[in-house]
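Let me begin by presenting the structure, written as C-alpha cells, before commenting on it.
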Amino acid sequence: MMDQNTYESEKQARRMAFLLAAYLRKEASEAEIQELLTWRSENERNEKLFETLSDRKNINSHLLEYAKCTSASSYRRLSQRITAEARCKNRNSKNLLKLNITAAAAIFVAFLGIVFLVYHHTSSEVNRRGSDQLRFVLSDGSTIVLDSVNGTLNVQKNNIVDQHGRQLFANIGETPNLVYLEVPAGRQQEIILSDGSHVWLNSLSALKFPLDFAEKDRKVELKGEGYFKIKHENNRSFEVKSRSQRIVVLGTEFNLRAFPGEEIRTTLVRGRVSIENNKKKKSLFLHPGEQSIMTDDGTTYKRSVDVDSEIAWRYGVISFNRKTFAQSMDEIARAYGFELQYHGPIPNHNLSGSIHIGANPAVIEVLLRSIGVDFTINGKRLIINNRKEVDTSQ
C-alpha cells in the first residue's frame, strides 16, 4: 500500500496534468487557468516544469514512445527513463535552480497519458475505440445512426450540427423537440446544448434533452454517467433527472453517475447543487469536493472525495481509487466494449492506481495477473474465472 506522501504526490501530479492538458487544448475554465497560474507562481521550479511541458517538440517525441507502451512494466520503464534524463540535465545545468525530479517526472508521465488522448490525438481517437455507433432516438420512436461523428456535437437552431457543420436532422421532416442521444460501449461524446452548457457522456450512457429549452427552466435526463459544465443563468435553473434523483443548479460543474444497478453518485467540482431524493422527499446541498450517494432503498448521504479520481474518465483515465473489484471491471468493460462475465464468485481483490483509456488491452491483462486473477479474453468477451472446488465426498 502506498504511503500518504506518495499518494498526495501522485494526486497533485494528476491534477496538474489535467490542468496543463486542458490549458494547451484551450478548454480550461477561468478558475482552472487561475489555479494553474497560482501553481506556476509558487516557485521557479514549477515555472520551469511548465515551460518544459509546453514545448510541443519535446512532448511529441515522448508521445511516440508512450504510444508504443503495451504493458504496465513498459510504462514504468518510460517513467524511470524520463526521471533519469531529468536528473542528468539537472546535474549539468549551470542554473542554481534544482528541480524536484521525482515530482517532475510524475507530472510529466501523467501528462503524457492524458495529452495522448485529449490534446495530441483529440477526442476523435476516443470515439474510434468502439465498433458501435452513436444513435439518436427521436420522440416519435424513429432513430438516426451517426456513422461519421468524431467531434463535438452542437445544438443550434432546433437542429444538431456535427464537427463538419452538417445538420443531422436536415432530412427528417418535422424537427422533434425532445431527442435521446445514446453512446455505445467504447466511446465517449461531448455535446453542447442550446443554452451553451457542455455535457460529456461516458460509455454506455444516454442523455434526453430538448433541442430548445423552455423559457423558464432547463431540464435533461441522464442514464449512465455524464460530466456537466452548466452555463450560469440567474433566472433559469438547470435540472438533471436520473432515476429517483433530481439535481437543481443555476451554473456549476459536476459529475453524475447513474448506471443501472449501481448507487447514484453526484460529485461536485465547483459551484453548489441541490440533490433532491424523489423517494423520501428529502434534499441536501453539496459543496465542491463533496459527493452524494443514493442507495437502492432511497438512503442518501454525502462524503468528501478525491474529485480528480471521480472525474478521471473525462480526461481519458480509469481510476481505481476507492472502487471495488466489480466496479473497476465494469469501468474497464464499458471503456473497451467488453462483455463481462463471472464464472464463480466475484474475486475479493482490488485494483489500484489507474490506466489510460485506449491503452493496449495488454495493460488490463498485466493488471489482472498482478493480483492473481484468472481470466480469459475471447474476442470482446472478458471472463473472470473464480471457480471453487466442490467437495463431492459428502
Side-chain angles (χ1 to χ4, degrees), residues 134-144 152-161 168-169 172 174-183 188-202 204-260 262-286 291-294 298 300 302 311 314:
L134 293 172
R135 188 174 73 147
F136 279 105
V137 180
L138 309 184
S139 53
D140 62 359
S142 60
T143 62
I144 296 178
T152 302
L153 296 173
N154 204 326
V155 181
Q156 296 179 357
K157 298 179 180 179
N158 289 323
N159 214 307
I160 295 180
V161 179
L168 303 182
F169 298 163
I172 63 170
E174 184 177 352
T175 302
N177 184 39
L178 280 176
V179 294
Y180 201 69
L181 172 59
E182 296 180 344
V183 180
Q188 295 174 3
Q189 183 62 47
E190 178 186 3
I191 184 167
I192 303 174
L193 303 178
S194 61
D195 67 334
S197 296
H198 289 244
V199 183
W200 289 264
L201 295 174
N202 204 352
L204 287 179
S205 300
L207 184 71
K208 183 178 181 180
F209 61 95
L211 293 181
D212 191 18
F213 285 115
E215 183 178 348
K216 294 183 179 180
D217 55 34
R218 299 171 288 171
K219 295 181 179 181
V220 301
E221 185 174 342
L222 175 76
K223 291 183 179 179
E225 185 167 23
Y227 184 93
F228 293 79
K229 187 174 183 178
I230 305 304
K231 184 177 180 180
H232 183 84
E233 292 188 12
N234 288 326
N235 301 320
R236 195 165 59 156
S237 64
F238 194 103
E239 299 181 15
V240 184
K241 182 181 178 182
S242 58
R243 283 159 44 198
S244 55
Q245 177 181 281
R246 187 170 72 113
I247 300 173
V248 182
V249 303
L250 290 175
T252 185
E253 288 188 41
F254 61 93
N255 191 79
L256 174 59
R257 182 185 178 95
F259 286 107
E262 292 187 7
E263 301 168 326
I264 301 176
R265 302 189 179 202
T266 306
T267 305
L268 185 60
V269 179
R270 57 176 53 86
R272 190 167 183 255
V273 300
S274 169
I275 309 294
E276 299 182 4
N277 185 330
N278 296 332
K279 285 186 175 181
K280 299 193 174 183
K281 306 301 180 182
K282 294 182 179 180
S283 62
L284 58 82
F285 290 93
L286 292 183
Q291 178 184 78
S292 69
I293 298 177
M294 181 182 293
T300 303
K302 65 179 181 179
I311 66 172
R314 161 78 178 82

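The structure displayed is predicted, hence computed values, not measured ones. Only heavy atoms go into these numbers, but all of them, side chains included; no hydrogens, no water, no symmetry mates.
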- Query: Do Leu204 and Val183 pass the side chain to side chain contact (heavy atoms under 4.5 Å, CB included) test, and can you show the C-alpha distance, the side-chain angles, and the key distance before you say yes or no?
  - Reply: CA-CA 5 Å; Leu204 287 179; Val183 180; over 6 Å; no

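- Counting heavy atoms from C-beta on, the side chains of Met294 and Asn277 come closer than 4.5 Å.
- Asn235 contributes no side-chain N or O that, together with a main-chain N or O of Lys216, makes up a donor-acceptor pair within less than 3.5 Å.
- Atoms CG and CZ, from Leu201 and Phe228 in turn, are 7.0 Å apart once rounded to the nearest 0.5 Å.
- Ionic pairing of Arg257 and Glu225 is present here: one or more N-O contacts between side-chain nitrogen and carboxylate oxygen are shorter than 4.0 angstrom.
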- Query: Glu182 and Thr143: side-chain hydrogen bond (donor to acceptor under 3.5 Å, both in side chains), yes or no, with the steps?
  - Reply: CA-CA 10 Å; Glu182 296 180 344; Thr143 62; over 6 Å; no

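- Around NZ of Lys302, the count of heavy atoms belonging to other residues, nucleotides or ligands within 6.0 Å exceeds 12.
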- Determine, step by step, whether Ser237 and Asp217 satisfy the side-chain hydrogen bond (donor to acceptor under 3.5 Å, both in side chains) criterion, reporting the C-alpha distance in whole Å, the side-chain angles of both residues, the deciding distance to 0.1 Å, and the verdict. CA-CA 5 Å; Ser237 64; Asp217 55 34; over 6 Å; no

- Take Leu138 and Ile144 through the side chain to side chain contact (heavy atoms under 4.5 Å, CB included) test and state the conclusion after the steps. CA-CA 8 Å; Leu138 309 184; Ile144 296 178; 4.3 Å; yes

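- Side-chain atoms of Thr266 and Gln245 include a donor-acceptor pair closer than 3.5 Å.
- Across every non-hydrogen atom of Asp195 and Ser197, the tightest pair is OD2-OG, 2.8 Å.
- With no hydrogens or angles considered, no side-chain donor-acceptor pair links Glu276 and Ser283 at under 3.5 Å.
- Rounded to the nearest 0.5 Å, atoms CG (Leu168) and CD1 (Ile160) are 6.0 Å apart.
- Two residues are said to be in side-chain contact when any heavy atoms from C-beta on lie closer than 4.5 Å; Ile247 and Glu239 fail this criterion.
- With respect to the salt-bridge test (charged N to carboxylate O, under 4.0 angstrom), the residues Arg218 and Glu233 qualify.
- Summarising the geometry, atom CG belonging to Asn202 is positioned 13.0 Å from atom CH2 belonging to Trp200; distances are rounded to the nearest 0.5 Å.
- Counting heavy atoms from C-beta on, the side chains of Leu286 and Phe254 never come closer than 4.5 Å.
- A 4.5 Å side-chain heavy-atom check between Ser205 and Lys223 finds every atom pair outside the cut-off.
- Contacts of Glu253 classified as side-chain contact (heavy atoms from CB on, under 4.5 Å), with partners at least two apart in sequence or in another chain: Ser29, Tyr227, Lys229, Val269, Arg270.
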- From CA spacing to verdict: side chain to side chain contact (heavy atoms under 4.5 Å, CB included), Phe209, Ser194: CA-CA 10 Å; Phe209 61 95; Ser194 61; over 6 Å; no

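- Distance CG/Leu222 to OG/Ser242: 6.5 Å, rounded to 0.5 Å.
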- Message: Working note: Leu207 + Val199, criterion side chain to side chain contact (heavy atoms under 4.5 Å, CB included); need CA distance, chi angles, decisive distance, verdict.
- Response: CA-CA 9 Å; Leu207 184 71; Val199 183; 4.1 Å; yes

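- At least one side-chain heavy atom of Leu284 sits less than 4.5 Å from a side-chain heavy atom of Thr300.
- Here the side chains of Ile293 and Ile264 are not in contact, with every heavy-atom distance at 4.5 Å or above.
- The distance from the CD1 atom of Ile275 to the CD atom of Gln291 is 10.5 Å, given to the nearest 0.5 Å.
- By the side-chain contact (heavy atoms from CB on, under 4.5 Å) test, Asn154 pairs with Gln156, Ile192, sequence neighbours left out.
- Rounding to the nearest 0.5 angstrom, the gap separating the CZ atom in Arg236 from the NZ atom in Lys219 is 12.5 Å.
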